[in-house]
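Down below is the structure, laid out as structure tokens.
Worth knowing before you read on, the calculation uses all heavy atoms, side chains too, and leaves out hydrogens, waters and symmetry mates. Every chain is numbered from 1 and lettered A, B, ... according to where its sequence line falls, protein lines coming before strand lines.
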Protein chains: 2
Amino acid sequence: MKKIDILKKLRSSNLRPTKQRVEIAKFLFEREKTFHFTVESLNKLLTKKSTSKIALATIYNTVHAFKAAGHLSEVEVRGNKSYFDTNVSNHHHFYDSETAELIDINANDIVIQKIPKAPNGKKIKNVEVFINLKN
Amino acid sequence: MKKIDILKKLRSSNLRPTKQRVEIAKFLFEREKTFHFTVESLNKLLTKKSTSKIALATIYNTVHAFKAAGHLSEVEVRGNKSYFDTNVSNHHHFYDSETAELIDINANDIVIQKIPKAPNGKKIKNVEVFINLKN
DNA sequence: TTTCACTTTAGAATAATTATAAACTAGTTT
DNA sequence: AAACTAGTTTATAATTATTCTAAAGTGAAA
Ligand SMILES: [Mn+2]
Ligand SMILES: [Mn+2]
Ligand SMILES: [Zn+2]
Ligand SMILES: [Zn+2]
């Protein structure tokens, strides 16, 4: 991903490209593989990586703006903390409770043969599969 | 479910059958259908139903003891609160984000045809499917 | 260079949960 | 029965994750 894409992500999230936001966006989006994180883990990694420390509120605000713009998704998984995901396409997860880590599963690596119909007046928005792991 | 079963549930959870615990256990387990709840919702319902109010800490402690003993399961779902489930068998859920409600899906109403193998050194503990609903 | 909307930040507030410690309860021993 | 004791309940404090607030900072445009 090029720098121009970072700026696009920021603009499309209605965020001006400030120093802090560019740093967060580059950290999140300039990578090959999916990145799963909590705000806490992201904060630690950013602190380690860069000299200047970004306020936690700025990280929350920026992450939420990216989520609202569809550049991040939120994964519901065991625990109290919110997990975010740079993979915003429809996909599934392994969840390793030992390490509290998520691993992507490509949407077409899981095929569901039979599925119940939605309750009266409701429609199916999406289907999420979690494969919980043990050692 | 008879009263004797309530006492069994308590004993097998290493809980003496005190007035408060029996009241919680009866409320949770003396019912036909699955009951999904948060500690907050359970507390409200218990307060409404009975004259004596049970301390929140007692509800937390009792619910956690039931969970540890396998009489309740915890469902991971969107939001900050923990959801508990009187259905401890392997099953799936509809999740209605409008109402923040869970609805059971019988395990054999979902058939998965293709599933990826677990990462190196890990095994599959279980598979949970969430069907998110919209109006 | 002044303006002004937007931004960052530290710290306060809130919400869910867990911990603490004092008062209470009910079996068991004397 | 009275004393003892292990376990229990409870109010309240502490903790954790998140959101809010308001003051100070920033920078493009007038
Ligand atoms: Mn959350
Ligand atoms: Mn939880
Ligand atoms: Zn993912
Ligand atoms: Zn259920």
Revision key, fill the gap. With both pairing distances under 3.5 angstrom for Watson-Crick or G-U wobble, and | for a partner in another strand, the correct string for DNA chain D is ||||||||||||||||||||||||||||||
In a table with atom names and distances, give each donor-acceptor pair under 3.5 Å that connects a side chain of residues 98-112 of chain B to protein atoms at least two apart or in another chain.
residue   : atom : partner   : partner atom : Å
Thr99(B)  : OG1  : Asp96(B)  : OD2          : 3.4
Thr99(B)  : OG1  : Glu101(B) : N            : 3.4
Thr99(B)  : OG1  : Glu101(B) : OE1          : 3.2
Asp104(B) : OD1  : His36(B)  : NE2          : 2.9
Asp104(B) : OD1  : His91(B)  : NE2          : 2.9
Asp104(B) : OD1  : His93(B)  : NE2          : 3.1
Asp104(B) : OD2  : Thr34(B)  : OG1          : 2.6
Asp104(B) : OD2  : Asn87(B)  : ND2          : 2.8

From the set [options], return the single nucleotide nearest to any side-chain atom of [X].
X: Val39(B); options: dT8(C), dT17(C), dT9(D); value: dT17(C)
X: Arg16(B); options: dT9(C), dT7(C), dT8(D); value: dT8(D)
X: Tyr60(B); options: dT9(C), dT18(C), dT18(D); value: dT18(C)
X: Lys81(A); options: dT9(C), dT7(C), dT18(D); value: dT18(D)
X: Thr18(A); options: dT8(C), dA17(D), dT10(D); value: dT8(C)
X: Ile54(B); options: dT9(C), dT10(D), dT18(D); value: dT10(D)
X: Ala57(A); options: dT17(C), dT9(C), dA16(C); value: dT9(C)

Point to revise | 5′-ward residue of the pair Leu56(A)/Leu56(B) relative to DNA chain D | key: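 Result of the comparison: Leu56(B).
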Do [X] and [Y] pair up side chain to side chain, a donor and an acceptor below 3.5 Å, judged on atom types alone?
X: Ser50(B); Y: Glu23(B); value: yes
X: Ser82(B); Y: Glu74(B); value: yes
X: Lys123(B); Y: Asn135(A); value: no

Check your understanding: Under 4.0 angstrom, heavy atoms only, what part of the nucleic acid is Lys53(A) near: base, sugar-phosphate, or nothing?
Key ->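 Answer is sugar-phosphate: Lys53(A) comes under 4.0 Å of backbone atoms only.
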Check your understanding: NA contact type, Thr58(A), heavy-atom cut-off 4.0 Å: base, sugar-phosphate, or nothing?
Key ->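 Thr58(A): base contact, heavy atoms under 4.0 Å.
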Between [N] ([atom2]) and [X] ([atom1]): distance, integer Å:
X: Arg21(B); N: dG7(D); atom1: CZ; atom2: C1'; result: 8 Å
X: Ile59(B); N: dA11(D); atom1: CD1; atom2: P; result: 11 Å
X: Glu74(A); N: dT18(D); atom1: CD; atom2: P; result: 8 Å
X: Leu42(A); N: dA17(D); atom1: CG; atom2: C1'; result: 15 Å
X: Leu10(B); N: dA26(C); atom1: CG; atom2: P; result: 15 Å
X: Asn43(B); N: dA11(D); atom1: CG; atom2: P; result: 11 Å
X: Glu76(A); N: dT18(D); atom1: CD; atom2: P; result: 11 Å
X: Glu40(A); N: dT18(D); atom1: CD; atom2: P; result: 8 Å

Exercise for review: Measure the shortest side-chain to side-chain distance between Asn126(B) and Phe130(A) over non-hydrogen atoms and say whether it is less than 4.5 angstrom.
Suggested key: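 Of all side-chain heavy-atom pairs linking Phe130(A) with Asn126(B), none is under 4.5 Å.
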Review point. How about Thr38(A) and Phe84(A): do any of their side-chain heavy atoms sit closer than 4.5 Å?
Key: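 No, too far: nothing below the 4.5 Å cut-off.
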Point to revise | Under-4.0 Å side-chain N/O to phosphate OP1/OP2 contact, Gln20(A) with dT9(C) | key: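 Yes, such a contact exists.
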Exercise for review: Compare side-chain N and O positions of His64(A) against OP1 and OP2 of dT18(D) and report whether any pair is under 4.0 Å apart.
Suggested key: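 So the side chain of His64(A) is outside the cut-off, no N or O lying under 4.0 Å from OP1 or OP2 of dT18(D).
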Review point. Do side-chain atoms of Thr47(B) reach the backbone of Asn43(B) as a donor and acceptor pair under 3.5 angstrom?
Key: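 Confirmed, Thr47(B) side chain pairs with Asn43(B) backbone.
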Review point. On DNA chain C, nearest-nucleotide positions of Phe84(B) versus Asn61(A): which is more 5'?
Key: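 Result of the comparison: Asn61(A).
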Review point. Can we call the ring centroids of Phe29(B) and Phe35(B) under 6.0 Å apart?
Key: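 Ring centres of Phe35(B) and Phe29(B) not closer than 6.0 Å.
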